Amino acid sequence: MEKVYNPKDIEDGIYREWEKSGFFNPDKVKGQKSRIKDYRKRQAFSMVMPPPNVTGTLHIGHAVVLTLEDIMVRYHRMMGDDTLWLPGTDHAAIATQTKVEKLLKEKEGKSRHDLGRVEFLKRVEEFTAESKATIHKQIRKMGSSCDWSREAYTLDKVRSRAVREVFKKMYDDGLIYRGLRIVNWCPRCASTLADDEVEYKEQEANLYTFKYSKNFPVSISTTRPETKLGDTAVAVNPADKRYKNLLGKEFDVDFVGQPLHLKIIADRGIDMNFGTGAVGVTPAHSFIDYEMAQKNKLKIIQVINEEGRIVNAPQYQGLIATESRQKIVAKLASQGLLEKEEIIKNNLSVCYRCGASIEPLPSKQWFISVSAKFKVQSSKIKGIKKGQAVSLKDLAITAVKNGQIKIFPERFNKVYFEWMKNLRDWCISRQIWFGHRLPVWYKQKSEARNSKSTPMFSPYSPTSRGIGGDRGGQNPKSKLDEEIYIGIESPKGSDWVQDPDTLDTWFSSGLWTFSTLLDKDFEKYKNFGKWLQKSPDLKRFHPTSVMETGYDILFFWVARMILMTTYVLGEIPFKTVYLHGLVRDEKGRKMSKSLGNVIDPLTVAEKYGTDAVRLSLVLGAAAGNDLTLSEEKIAGFRNFTNKLWNIGRYVLSQTEEQKNRETKEQKVSKFFGSSVSRLCERWILSRLNSVIAEVTEDLENFRFSQAGEKLRSFTWDEFADWYIEISKVEKNFQQLSTINQQLLKLWHPFMPFVTEKLWEAAGGAKFLMIADWPIASKKLINKKAGKDFALIQEIIRIIRNLRAEFKIDPALFVKVAINAGAKKPLLGKEVAIIKHLARLESVKIVKSGEKPERSISAVYGGCEIYLILEGLVDFEKEKERIQKELDAAKNYLAGLENKLKNKDFISRAPKEIVGGEKLKLKETQEKIRKLKDYFAGLKNF
RNA sequence: GGGUUCGUAGCUCAGUUGGUUAGAGCGUUCGAUUCACAUUCGAAAGGUCAGAGGUUCGACUCCUCUCGAGCCCACCA
């Protein structure tokens, strides 16, 4: 074995062996376990990997996911659970298409339109295949023990089938509709954007205050006068006294040449202090105004089209928005209607892809209704019954409210409910090419076909999508002109045309926990219902146990999975949601390419080893809190990996040596447990078993950092620094290898590579990965041993401290005398240990005795410890030191006395607390007495 | 504007239902080096737990307010 652990040389080989063994697959692990059946009933533990986007390579955030999930999976596998971790990738429609378009532009100077849909999708296919291969390699590099045989992709055959089935089911249940809604429209990309794809940019804008016309009694303020061409009302706060008399009145006005019919309506959302307190309502181009229009039955007039040009206003027809704005403002000014022009700060909504400013428009899109009710077919959700009429929102809220889905950390419950409460219908159609094609076909009705030149069934044609032109605003029943077919396969007949749009990528991601577990031979099931009912993996592993992901996609993804799964299966997708935070740099900044502070998980894994990277991502990170990461931190854990390596190396060398040396006699004495009579062994076994119990408990409760921290401190601060050091005094320590083996098991989920390698080196059965998780023995947890050993440790520390303080040559062996009182028998047995660890020539332990000459002293736990110095002693320094200690003790004593004088404390605090304080008082008094005696004695020198 | 989290040692953070003289890692200082490991070992310094009130026998922990920082959502007409 190498002196220094070299992860680079061994990691890939170990992973290959794991993979070859087949033990990532739960079917293969079955039957490998022996003890577990007595220990814990075999239960399923399943997790579906949040699928990385096929847009590129893994970043540090993925590494966090992979590490935490692998810890859980490895722990449960060793625990004997039927453990599945299913890997996969996400096609990430918009992101991937954008990326490929960019590459296409760079390399060939072409746009997707130059290639055409079929050819372009071929290019995307090539790109994603390459990207997937990279991602697979990276997932393996992180040591992830996922079952590759069940790998899934959001756009593969099985998942595509599931998507179409779900779409149809929702349509049939009246949950999917095609409708006219205000959408975020990017004129440059010619596509709608989801609410969360819109970014806000603070800017300075002109706020104009004016009257529509001379005969209109109210002035309004706006930054976008051009939209006022489509106004159908003016809204004021109902509490606003200025406008009270005008409420409900209607006016016909001539607004810069555009005839408008305006009603004055009340809306509580209006801020009386902003502008004039009156707002022009433009239902076609503002979300809020659209809602007001619904409530007040207002007309909806579209005045801006998909290209961002004015329509339905003859005087400004065809102008782009900003041009018309100037014209309108000029006209208002010339009419003397413009009252004020000021500069304010506001947020401009822009496209997250191209940065162009967003135009809210009425557009024909496909939606999932979150509030429409449907009849529940079957339900395993507490509080929801079969046959009950509920909405998707009801389902998603109930599944968390009733405790079936638990979110860690808990505070995200609130965030989740808040978000659900305000959830609007979900626009699922996207005007891009890459993704799941909508399973929707249109056919012109014969009479319509003859009468119109523009084909009505093309959803891209402005006449069909928009409501502009001659067809007027509020009643766009284009259904009159076309038939719609929703199905799994395309309909028969040649005159059906498929909807060119694709689905929002989150539609397929929303099905992820169950679509991945569906039987891939879907042909053999009669219908969707049977496919869902009979798929073996779905029965065995769903609902999944844990969904582990970043809190940043709670809404994007987690909420949508809950929505979709509770609807499709009548069952929750997962029992627990564990949310981790973002990885930031050492200054707390987000990692970004532009800042140049990105830590690439694979680069650092290469440099410091995967195990070290894994530890750095888990330890010191609380659930849901952001985590700061630096290379120094990773290097620190690399050091720990090496420490573990060397512990293993040492233990191995000792056990081999011991084997050779061991006589029959020794074997017999071992058998009768003579060695466990030693304090240090009782202590280390006690500690080990406490640690096993605590770490197991922590892992069950998602306290990964705490578990790792406990293991780290036990391994380094107790096992290595004390037990192993002690083992050097007297050989023949059989606990050495037992403890080491247990330790390797406990560490395995955190650092799978080094532990597996050490396990192999120690001759353990293949593989540590499927070895049994340790069980704590309560019998061995021994408080007395802990306390006794703590005294030995403290005495050794005190001697080391005195040596350092008085600058005693570390090479020098010194003499120590201890007046141990009642502790004499205890200390007497441990002389060898004290001598060795404190580097002493001799230790004299008596019950009580005189202070030795030329010595310095300390008092602890009822013992007086004298360090006998052969040379001159700096008594001034010693006096100073003792005085300091005396002062501290007196201070402490005063506090205790005060507390105990307090009658309320005595009467109200629990007995054991009071008793504890009394004991402390006694001990401190004793200590002070001894220090005083000693101090008095010092004067005599 | 609504919501939410945080403020503990120079830095990064733990501190579980209120009860030990508040802990760790890194960094700093002092010292060690053939005996598993310098990716090591020993020791030390360093904190009014942001501030002010309150509840309590007792507050880092619970409540209120103030100050400071972050994040999410909504969006400014």
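Lettering of chains follows the sequences in order, A, B, ..., and the numbering in each one begins at 1. The structure displayed is predicted, hence computed values, not measured ones. Basis for what follows: all heavy atoms, side chains included, without hydrogens, waters or symmetry-related copies.
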- P-based separation of rG53(B) from rU28(B) [nearest Å]: 39 Å
- On the ring face of F813(A), is R839(A) found with NZ or CZ under 6.0 Å from the centre and within 45° of the axis? yes
- Closest to side chain of K414(A), choosing from rU39(B), rA43(B), rU4(B): rU4(B)
- How would you label the contact of K903(A) with the nucleic acid (heavy atoms, under 4.0 Å): base, sugar-phosphate, or nothing? nothing
- Query: Under the 3.5 Å rule, do the base of rA24(B) and the side chain of Q706(A) count as making a donor-acceptor pair?
  - Reply: no
- Determine which nucleotide pairs with rA43(B), using a 3.5 Å limit on both distances of a Watson-Crick or G-U wobble pair. rU29(B)
- Message: Categorize D721(A) for me: base, sugar-phosphate, or nothing, with a 4.0 angstrom heavy-atom threshold over every strand shown.
- Response: sugar-phosphate
- Task: Consider the side chain of K228(A), meaning its heavy atoms from C-beta on, and name the nucleotide among rC75(B), rG19(B), rA77(B) that approaches it most closely.
- Result: rA77(B)
- Note on the structure: Assert: residue with more 5' nearest nucleotide on RNA chain B, out of E632(A) and A622(A), is A622(A)
- Task: Look through every strand shown and name the nucleotide pairing with rC71(B) as Watson-Crick or G-U wobble, where both distances are under 3.5 Å.
- Result: rG3(B)
- Whole-Å C1' distance, rG70(B) and rG27(B): 25 Å
- Message: Please compare S349(A) and D698(A) by the position of their nearest nucleotide in RNA chain B and report the one closer to 5'.
- Response: D698(A)
- Message: Using a heavy-atom cut-off of 4.0 Å across all strands, would you classify I724(A) as base, sugar-phosphate, or nothing?
- Response: base
- Hey, do the aromatic rings of F704(A) and Y578(A) have their centres closer than 6.0 Å? yes
- Quote, to the nearest angstrom, the P distance that separates rA43(B) from rA24(B). 12 Å
- Query: With ring centroids as reference points, do F412(A) and Y416(A) lie under 6.0 angstrom apart?
  - Reply: no
- Task: Establish, for the pair K295(A) and Y290(A), whether the NZ or CZ atom is under 6.0 angstrom from the six-membered ring centre and no further than 45 degrees off its axis.
- Result: no
- Query: Ring centroid separation for F637(A) and Y608(A), is it under 6.0 angstrom?
  - Reply: no
- Just checking, R687(A) and W716(A): is the charged tip under 6.0 Å from the six-membered ring centre and within 45° of the axis? no
- Item | Phosphate contact (rG25(B) OP1 or OP2) by N639(A) side-chain N/O below 4.0 Å | no
- Query: Heavy atoms under 4.0 Å, any strand shown: does E725(A) hit a base, just sugar-phosphate, or nothing?
  - Reply: base
- Query: Can you find a side chain N or O atom of K728(A) that sits less than 4.0 Å from OP1 or OP2 on rA36(B)?
  - Reply: yes
- Item | Heavy-atom donor-acceptor pair, K710(A) side-chain to rA14(B) base, under 3.5 Å | no
- Can you tell me how far C1' in rA22(B) sits from the matching atom in rG46(B), rounded to whole Å? 14 Å
- Pick base, sugar-phosphate or nothing for I647(A), based on heavy-atom distances below 4.0 Å to the nucleic acid. base
- Query: Between the base of rC26(B) and the side chain of K633(A), is there a donor-acceptor distance below 3.5 Å?
  - Reply: no
- Item | Given rG25(B), rC41(B), rC71(B), the nucleotide with the shortest approach to the side chain of R712(A) | rG25(B)
- May I ask you to verify if any side-chain N or O of R411(A) is less than 4.0 angstrom from the OP1 or OP2 atom of rU4(B)? no
- Give one of base, sugar-phosphate or nothing for I344(A), where a contact means two heavy atoms less than 4.0 Å apart. sugar-phosphate
- Item | Closest to the I913(A) side chain, choosing from rA36(B), rG19(B), rU40(B) | rG19(B)
- Message: If you count heavy atoms of other groups shown closer than 6.0 angstrom to NZ of K877(A), is the number above 12?
- Response: yes
- Message: Taking only the P atom of each, what is the distance from rC67(B) to rG25(B) in whole angstrom?
- Response: 38 Å
- Looking at every strand, decide which applies to V415(A) at a 4.0 Å heavy-atom threshold: base, sugar-phosphate, or nothing. nothing
- With C1' as the reference atom in both, quote the distance from rG54(B) to rU61(B) in angstrom, rounded to an integer. 15 Å
- Query: So what does G620(A) touch, heavy atoms closer than 4.0 Å: a base, only the sugar-phosphate, or nothing?
  - Reply: sugar-phosphate
- Message: For rU4(B) and W419(A) - does any side-chain N or O of the residue sit under 4.0 Å from the phosphate oxygens OP1/OP2?
- Response: no
- Item | Geometric cation-pi criterion, K899(A) with F905(A): 6.0 Å, 45° | yes
- Mind checking R797(A) for me? I need base, sugar-phosphate or nothing, with any heavy atom below 4.0 Å counting as a touch. sugar-phosphate
- Task: Would you tell me if any nitrogen or oxygen in the side chain of T628(A) comes within less than 4.0 Å of OP1 or OP2 on rC13(B)?
- Result: yes
- Message: Applying the Watson-Crick and G-U wobble criteria at under 3.5 Å, what pairs with rG19(B)? Answer none if nothing qualifies.
- Response: rC57(B)
- Kindly state whether the ring of F750(A) and the ring of W747(A) have centres lying under 6.0 angstrom apart. yes
- Of the listed rA77(B), rU4(B), rA32(B), the closest approach to the P810(A) side chain comes from rA32(B)
- Query: Would you say a side-chain N or O of T223(A) is under 4.0 Å from OP1 or OP2 of rA77(B)?
  - Reply: yes
- N/O (side chain, K643(A)) to phosphate O (OP1/OP2, rC37(B)) under 4.0 Å: no
- Message: Any side-chain N or O of N642(A) below 4.0 angstrom from OP1/OP2 of rU40(B)?
- Response: no
- May I ask you to say what N625(A) touches in the nucleic acid, namely base, sugar-phosphate or nothing, with a heavy-atom cut-off under 4.0 Å? sugar-phosphate
- Compare the minimum distances between each of rG42(B), rA36(B), rA77(B) and the side chain of R649(A), then state the nucleotide with the smallest one. rA36(B)
- Roughly, in whole Å, what's the span from CZ in R584(A) to P in rU5(B)? 17 Å
- Test for a donor-acceptor pair under 3.5 Å between the base of rU39(B) and the side chain of R638(A), counting only N and O atoms. yes
- Item | Distance between P atoms of rA50(B) and rU16(B) (Å, rounded) | 14 Å
- Message: Can you check the distance between rA14(B) and rU55(B), where both ends of the measurement are the P atom (answer in whole Å)?
- Response: 31 Å
- With both distances under 3.5 angstrom, what nucleotide forms a Watson-Crick or G-U wobble pair with rU64(B)? rA52(B)
